[in-house]
Amino acid sequence: MKPLYDGKAKTLFPGPDPNTVIVFFKDTVTAGDGVKRDAIPGKGALAAQISCKLFELLHNAVPSHYIKQRDERSFLAKRVQIIPLEVVVRNVAAGSIVKRLGLTRGQVFDPPLLELFYKSDALHDPLICEAHALALRLATPHELSQIKDYALQANAILKEYFLGVGLKLIDMKFEFGKTPDGEILLADEISPDTMRLWDARTNESLDKDVFREDKGDLLTVYREVARRMGIL
Ligand code: UDP
């Protein structure tokens, strides 16, 4: 089947009807703007299953593109036009913000901090403010307000859920899409590829930082997340 779009970690295929797509998870893992990359057999299936379970968990609170799981490495979703924004919500300082603002890794943000990045490969996804998003017409003021509400609501639900299985949700990246009738939906994926999770007791990373920073076996930690979520 000819893909609609082939990304770094996922491929989108046409779904059974024109309003749907199949989101297929690859075993590729990339970091540092795609500079560091590897193929880890089994990674795609774990990220897919974790993502499906998390979209199902959010189902009643945050409208999303997720329809249903198809098999162990793909799900069926509503076809949307992706809004070129990466919406990052941070509960604890880690990653890029530590360097950018000279913070201490592990510092808590209360309330959670929401940041916008402009999805542009040519510009390397720069951090932008709301005024920029509006000036670039990436979303209308109403859409932007919905996007922020959904992202913070999803963070609150996921944070509480993960704490219940012994994991701290440090930060995560959301993407949103628009349906042909203008509805804003949470889209893309929600997996340890796009969030930071630390063991609640030891603060050990159970996410893509293991790959970014060469600090262990990615498959082992993704399996551990899946196991705690009752998937494996
Ligand atoms: N993130 C992502 N895709 C990106 C950039 C970030 O999924 O292109 C996620 C990342 O996994 C982390 C959160 O967004 O959970 C915040 O990332 P950060 O800004 O700290 O950037 P990084 O340290 O990953 O470069």
Side-chain angles (χ1 to χ4, degrees), residues 5-10 23 25-26 28-38 40 43-44 46-48 50-51 54-55 58 64-65 82-109 111-129 132-133 138 147-148 150-152 154-159 161-163 167-177 186-199 203-216 218 221-222 225:
Y5 173 79
D6 194 24
K8 283 188 282 217
K10 297 184 297 296
V23 183
F25 286 69
K26 301 200 273 195
T28 323
V29 53
T30 66
D33 215 5
V35 173
K36 186 173 158 78
R37 69 168 54 225
D38 204 352
I40 302 179
K43 194 273 302 191
L46 286 166
I50 292 170
S51 214
L54 296 177
F55 275 121
L58 294 176
S64 82
H65 72 152
I82 293 290
I83 295 169
L85 276 176
E86 295 196 343
V87 184
V88 169
V89 182
R90 302 181 187 272
N91 297 307
V92 174
S96 70
I97 198 170
V98 170
K99 265 198 202 157
R100 192 181 337 116
L101 300 182
L103 304 180
T104 306
R105 185 174 179 270
Q107 183 177 328
V108 172
F109 295 117
L113 180 64
L114 186 144
E115 294 178 330
L116 301 175
F117 294 83
Y118 177 29
K119 248 171 92 78
S120 159
D121 287 339
L123 301 175
H124 307 286
D125 302 344
L127 173 70
I128 59 170
C129 65
H132 292 136
L138 305 183
I147 285 171
K148 290 194 303 174
Y150 289 160
L152 291 171
N155 172 60
I157 294 168
L158 294 173
K159 185 180 163 191
Y161 166 75
F162 278 120
L163 209 51
L167 294 168
K168 285 188 214 165
L169 177 58
I170 304 303
D171 58 32
M172 79 233 71
K173 184 259 307 179
F174 295 116
E175 291 188 24
F176 291 86
L186 178 61
D188 195 49
E189 69 179 295
I190 320 171
S191 80
D193 269 11
T194 58
M195 56 174 51
R196 288 192 170 92
L197 293 167
W198 293 358
D199 180 273
N203 282 346
E204 164 199 6
S205 289
L206 295 168
D207 57 54
K208 202 164 86 171
D209 273 353
V210 165
F211 172 76
R212 287 189 189 94
E213 299 168 17
D214 292 313
K215 54 183 187 185
L218 191 77
V221 302
Y222 280 32
V225 172

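Each ligand, and each atom within it, is numbered from 1 in the order the structure gives.
- For ligand 1, the protein residues within 4.0 angstrom (heavy atoms only) are Glu86, Val88, Arg90, Ala94, Gly95, Ser96, Asp171, Met172, Lys173, Asp193, Thr194, Met195, Arg196, Arg212.
- The ring pair (Phe, Tyr, Trp, His ring centres under 6.0 Å) search around Phe55 returns His65, Tyr66, Phe75, not counting sequence neighbours.
- With hydrogens and angles disregarded, a donor-acceptor distance shorter than 3.5 Å links the side chain of Asp207 to the backbone of Leu197.
- Residues satisfying the salt bridge (charged side-chain N to carboxylate O under 4.0 Å, His left out) test with Asp199, not counting sequence neighbours, are Arg228.
- Taking the ring axis of Tyr222 as reference, the NZ or CZ atom of Lys43 does not stay both within 45° of it and closer than 6.0 Å to the ring centre.
- Remark: Lys8 engages no residue in a salt bridge (charged side-chain N to carboxylate O under 4.0 Å, His left out) (not counting sequence neighbours).
- Expressed to the nearest 0.5 Å, how far CG of Leu54 lies from OH of Tyr161 amounts to 6.5 Å.
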